[in-house]
2 protein chains.
Amino acid sequence: MKATIYHVARRARVSTATVSRFLNGTGPVAAETRHRIEQAIQVLGYRPNTVARSLVTKATHTLALLMPDITNPFFPDLVKGVQLLADERGYTVLLCSVAGDPAREEEYLEMLSAKQVDGALLVGLVCGRETIARFARHGIPIVSLDRNIDYPPAPLVHVNHRKGARIATEHLLQLGHRLVAHVSGPIGLRVSHERLAGYREALSRAGVAYDRRLVVSGDFTEEAGYEGIEALLHTATPFTAIFAANDLAAIGATAALTDSGRRVPEDVSVVGFDDIRLAAYTSPALTTIRQPTYEMGRRATELLIDAVHGRMLGPGQQVVFEGELIVRASSMPIAAAQQAKTV
Amino acid sequence: MKATIYHVARRARVSTATVSRFLNGTGPVAAETRHRIEQAIQVLGYRPNTVARSLVTKATHTLALLMPDITNPFFPDLVKGVQLLADERGYTVLLCSVAGDPAREEEYLEMLSAKQVDGALLVGLVCGRETIARFARHGIPIVSLDRNIDYPPAPLVHVNHRKGARIATEHLLQLGHRLVAHVSGPIGLRVSHERLAGYREALSRAGVAYDRRLVVSGDFTEEAGYEGIEALLHTATPFTAIFAANDLAAIGATAALTDSGRRVPEDVSVVGFDDIRLAAYTSPALTTIRQPTYEMGRRATELLIDAVHGRMLGPGQQVVFEGELIVRASSMPIAAAQQAKTV
DNA sequence: CTGTTAGCGCGTTCAA
DNA sequence: TTGAACGCGCTAACAG
């Protein structure tokens with residue numbers, strides 16, 4: 001049977017209140033008493049029961065992390081950032097994969113308030129705003145990643161997707177490419193929209209006409225990238241470069257190109273987005289836009305813990321990270337021969 | 001202020017005991033009373049406080065998953081399996097990245113017993129057995145992945161690493177390769193040891209002498225795979241194939257080969273282990289041994305929940321999964337020209 | 001500096 | 001079929 005604070009108190013010949021004071025450093029405890037308590041704790045192998053503690057303090061030191069799918073290589077780094085910072089601050093992380101399913105998101109949100117988590121980090125949720133508003137009413141602080149939550153306003157951490165996409169596209173444009181295809185993310189997601197917008201912005205600034213036939217819609221997976229480009233190749237619409245909405249899609253696109261006998265980057269340049277861990281090791285190594293995923297996880301968690309402690313920078317606070325172009329081997333200047341010929 | 005069971009009881013003009021019976025289906029509740037309670041719950045937006053509930057039932061419906069580093073692409077699938085099964089069974093998952101640090105492992109283990117988790121899934125821990133034994137004394141059920149925990153005996157889920165490694169190596173041998181290098185995992189880890197053993201077993205069965213100069217030690221990262229092979233190339237020890245202890249190392253090795261002007265698989269065949277998500281999309285697509293990671297996560301969690309409920313198949317129970325050879329493009333028959341020449 | 005007392009929100013006897 | 005009373009393990013006044 002497990003030792004409780006009561007057992008410790010009896011063995012140290014003090015009251016439970018004194019033991020509690022000793023444990024939490026709240027209120028004074030005589031050196032001699034302190035010693036006896038330490039002994040008792042040692043002997044009994046006592047560990048405070050956090051559940052009982054939470055019941056009275058109303059704090060669980062637990063944070064929830066809701067995200068679509070840990071299996072997307074973009075997330076592990078984020079999780080790591082969250083994890084490590086939470087750990088440093090004495091918090092623990094509850095992981096919830098909601099699989100892009102609004103019903104599951106709602107269920108989980110309900111459960112979290114029952115579980116009395118101290119705060120929630122929401123990443124890539126697709127549920128309606130009233131679902132989140134209802135949850136927020138429980139008084140649990142929220143920090144959002146990549147999605148603006150206006151009511152009630154929650155701190156927001158995101159990267160400048162539009163600018164990142166623009167930079168990626170400009171990179172291709174500067175290399176002389178004019179026929180730049182785009183594999184988009186799932187339509188309806190703000191992230192996809194922004195990246196597409198950045199792509200168009202770059203084209204427009206460079207005076208290149210936007211051709212919607214060059215945009216294939218994906219869903220951030222390799223499969224979709226592969227199939228999208230495969231389909232595009234079948235339409236015989238010429239292009240010399242691809243900006244994919246994320247690295248996975250870029251990798252799928254590259255595979256489609258290779259399988260059809262094209263060489264990357266000699267025939268087609270490819271640029272991705274995210275800079276996942278393996279981007280540097282694909283063949284050819286992938287040119288991409290780096291998101292400081294790990295850092296974003298840390299920062300978001302920091303904001304969340306601040307919010308838990310009632311420290312907020314002010315309403316509508318947000319942290320914006322900038323994407324950084326990482327040039328590797330998958331992009332190169334357009335070849336003279338290419339300029340004329342159809343791919 | 002949040003509604004408690006007391007508020008529900010008052011509004012429904014019954015006692016808290018009746019509400020509790022209604023909520024948990026323990027004991028009878030008259031249809032008419034039931035109706036009033038439902039109404040009250042609805043109106044007040046009541047959700048039972050799981051913390052209070054846990055304090056009396058001693059069950060938190062929370063499982064802990066301890067693993068080295070979520071950032072290794074091997075883990076996300078595992079986590080997903082754990083997550084989904086836990087979810088189906090009404091459990092929630094606490095994620096702990098212990099970073100291969102025994103001290104952190106011990107800390108976390110301590111915390112888990114304080115947090116009163118119902119069970120713990122231990123993956124790839126490196127701490128001493130007495131650390132685990134001490135934890136087990138708290139009476140929290142454990143399931144182990146890839147590491148045999150003998151005292152007290154815990155259910156074990158693992159793949160047959162040795163056999164998988166043997167099959168991988170045999171595949172290369174059957175293709176005619178005789179000079180097969182190996183990039184190992186961290187020394188001291190059982191998994192690394194087993195995979196090395198499988199490699200040696202295959203060589204020995206084929207009557208090929210084991211050459212320790214062909215074994216470079218890594219740590220399951222791309223970096224180590226890259227550097228290991230780079231170093232091996234510098235020694236000018238000839239080889240025509242590589243069996244890497246995991247896909248990450250295989251990918252790193254491939255990059256080292258490519259960067260030094262070798263072609264894969266024409267000059268050197270490469271085989272990995274794990275079949276991570278991107279293995280099918282590397283260039284060339286990676287031949288590897290598939291571990292049913294997702295399924296293992298599910299199965300392990302199932303065993304854990306069974307253990308939580310006191311249902312065990314018996315002492316020393318274990319579930320062994322078999323690795324499956326997935327032949328892709330990174331391995332090919334040794335070329336006639338190669339047989340003589342030094343790589 | 002320390003002990004007594006009263007909850008935190010809930011499940012669970014035991015009578016009624 | 002229901003309610004009163006107690007306790008889970010702990011913290012937080014309030015006295016002393």
Side-chain angles (χ1 to χ4, degrees), chain A residues 1-38 40-41 44-62 111-118 138-140, chain B residues 1-38 40-41 44-62 111-118 138-140:
Chain A
M1 169 173 162
K2 275 187 83 164
T4 73
I5 199 174
Y6 175 74
H7 301 123
V8 173
R10 242 200 356 197
R11 191 164 226 288
R13 299 190 309 278
V14 292
S15 72
T16 59
T18 303
V19 177
S20 174
R21 276 189 295 257
F22 168 81
L23 291 170
N24 303 303
T26 160
V29 179
E32 212 265 323
T33 314
R34 182 181 298 272
H35 186 67
R36 289 211 311 279
I37 295 177
E38 274 166 351
I41 288 178
L44 299 173
Y46 168 77
R47 304 283 308 183
N49 179 329
T50 53
V51 173
R53 186 175 270 179
S54 294
L55 184 58
V56 24
T57 61
K58 265 116 185 57
T60 53
H61 286 271
T62 300
M111 163 183 296
L112 293 186
S113 78
K115 281 242 174 192
Q116 313 279 107
V117 300
D118 289 349
H138 292 293
I140 297 177
Chain B
M1 168 173 166
K2 275 186 80 164
T4 74
I5 198 174
Y6 174 75
H7 300 123
V8 173
R10 242 201 356 200
R11 191 165 226 289
R13 299 191 309 281
V14 292
S15 72
T16 59
T18 304
V19 177
S20 174
R21 276 189 294 258
F22 167 81
L23 289 171
N24 303 302
T26 159
V29 178
E32 211 265 323
T33 314
R34 181 180 298 273
H35 187 67
R36 288 209 314 276
I37 295 177
E38 273 166 351
I41 288 177
L44 298 173
Y46 169 76
R47 307 278 310 179
N49 180 329
T50 51
V51 173
R53 186 174 271 181
S54 294
L55 183 57
V56 23
T57 62
K58 265 115 186 55
T60 53
H61 287 269
T62 300
M111 162 184 296
L112 293 186
S113 78
K115 281 243 174 193
Q116 312 280 107
V117 300
D118 290 349
H138 292 293
I140 297 178

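In what follows, every chain begins at residue 1, and chains take the letters A, B, ... in the order their sequences are listed.
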Could you tell me if B:Thr62 and A:Lys115 have a donor-acceptor pair between their side chains, going purely by distance under 3.5 Å? yes
Can you list every salt bridge (charged side-chain N to carboxylate O under 4.0 Å, His left out) pair that touches residues 19-33 of chain B, not counting sequence neighbours? B:Glu32-B:Arg36
Would you indicate, yes or no, if C:dG3 has its OP1 or OP2 atom less than 4.0 angstrom from a side-chain nitrogen or oxygen of A:Thr18? yes
Classify the nucleic acid contact of A:Arg13 as base, sugar-phosphate or nothing, counting any heavy atom under 4.0 Å across all strands shown. sugar-phosphate
Taking atom P of C:dT2 as reference, at what distance in whole Å does atom CD1 of A:Ile37 sit? 8 Å
Base, sugar-phosphate, or nothing for B:Thr33, non-hydrogen atoms under 4.0 angstrom? sugar-phosphate
Starting from P on C:dG9, measure out to CG on B:Leu44 and report it in whole angstrom. 14 Å
Rounded off to whole Å, could you give me the NE2-to-C1' distance for the B:His35 and D:dT1 pair? 18 Å
What contact category does B:Val51 fall into here, base, sugar-phosphate, or nothing, at under 4.0 angstrom with non-hydrogen atoms? nothing
For every nucleotide of nucleotides 5-11 of chain D, 5' to 3': is a protein heavy atom under 4.0 Å from its base (B), only from its sugar-phosphate (S), or from neither (-)? ---BBBS
Atom-to-atom span, NZ of A:Lys115 to C1' of C:dC10 - whole angstrom: 16 Å
What is the distance, to the nearest angstrom, from the CZ atom on B:Phe22 to the P atom on D:dT1? 15 Å
With a cut-off of 6.0 Å (strictly less than), are more than 12 heavy atoms of other residues, nucleotides or ligands near CZ of B:Arg34? yes
Counting N and O atoms only, with roles assigned by atom type, does the side chain of B:Thr57 sit under 3.5 Å from a partner on the main chain of B:Arg53, one being a donor and the other an acceptor? yes
Measure the OG-CD distance between A:Ser54 and A:Gln116 for me, rounded to the nearest 0.5 Å. 8.5 Å
Any donor-acceptor N/O pair, A:Thr50 side chain to B:Ala114 backbone, under 3.5 Å: yes
